[in-house]
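Here's the structure, in structure tokens; my notes come after.
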Amino acid sequence: MEELQELLVEALRQCVDNGMKLPLIVCAVSSNGSVLATRINEGREPDTLAQHFEDRAFKTPVNIMVVDHYGEAARVVIRSGTVSLQ
């Protein structure tokens with residue numbers, strides 16, 4: 001789970017570097033049915049909007065939709081230690 005968190009942070013940095021503006025709404029869906037929806041705020045802790053974990057974990061691949069303050073969206077896929085931003 002820690003590796004997945006690090007990869008998600010990397011993906012969100014890429015989104016911001018590509019011009020997405022905070023706050024970000026992040027919806028992650030794992031192949032095993034785990035789901036996490038979070039609001040990423042500037043200068044504050046993230047707000048968990050919804051969550052459901054199967055087997056207490058996310059299983060790759062994980063598909064993530066990121067939506068910024070202006071409604072721009074990005075898709076991120078995490079597979080076996082790699083991040084792909086689309």
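Quick note: residue numbers are just sequence positions, from 1.
Both Leu8 and Phe53 sit in one connected hydrophobic cluster of ILVMFWY residues. Membership requires side-chain heavy atoms under 4.5 Å apart, directly or through other members. In terms of hydrophobic clustering, with Ile, Leu, Val, Met, Phe, Trp and Tyr side chains grouped at heavy-atom distances under 4.5 Å, Val29 and Val26 are assigned to different clusters. Hydrophobic cluster membership differs between Val77 and Leu24, with clusters built from Ile, Leu, Val, Met, Phe, Trp and Tyr side chains linked at under 4.5 angstrom.
Side-chain contact between Val16 and Arg13 is absent, with no heavy atoms from C-beta onward closer than 4.5 Å.
Its side chain within the 4.5 Å cluster rule, Leu49 clusters with Ile25 among the Ile, Leu, Val, Met, Phe, Trp and Tyr residues.
With values rounded to the nearest 0.5 angstrom, Ile78 atom CD1 is found 10.5 Å from Gln5 atom CD. Note that CG of Leu7 is 13.0 Å distant from CZ of Phe58, once rounded to the nearest 0.5 Å.
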Which pairs would a plain distance check flag for residues 64-76, meaning a side-chain donor or acceptor within less than 3.5 Å of a matching protein atom at least two apart in sequence or in another chain?
from: Asp68; atom 1: OD1; to: Tyr70; atom 2: N; distance (Å): 3.0
from: Asp68; atom 1: OD1; to: Gly71; atom 2: N; distance (Å): 3.1
from: Asp68; atom 1: OD1; to: Glu72; atom 2: N; distance (Å): 2.9
from: Asp68; atom 1: OD2; to: Lys21; atom 2: N; distance (Å): 3.1
from: Arg75; atom 1: NE; to: Asn63; atom 2: OD1; distance (Å): 3.3
from: Arg75; atom 1: NH1; to: Gln86; atom 2: OE1; distance (Å): 3.0
from: Arg75; atom 1: NH2; to: Asn63; atom 2: OD1; distance (Å): 2.5

Show me the side-chain donor-acceptor pairs of residues 33-46 shorter than 3.5 Å, one per line, residues at least two apart or across chains.
from: Ser34; atom 1: OG; to: Asn32; atom 2: OD1; distance (Å): 3.2
from: Ser34; atom 1: OG; to: Glu54; atom 2: N; distance (Å): 2.9
from: Ser34; atom 1: OG; to: Ala57; atom 2: O; distance (Å): 2.7
from: Arg39; atom 1: NH1; to: Asp47; atom 2: OD2; distance (Å): 3.3
from: Asn41; atom 1: ND2; to: Asp47; atom 2: OD2; distance (Å): 2.9
from: Arg44; atom 1: NH2; to: Asp47; atom 2: OD2; distance (Å): 3.2

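At least one donor-acceptor pair closer than 3.5 Å links the side chain of Ser30 to the backbone N or O of Lys59.
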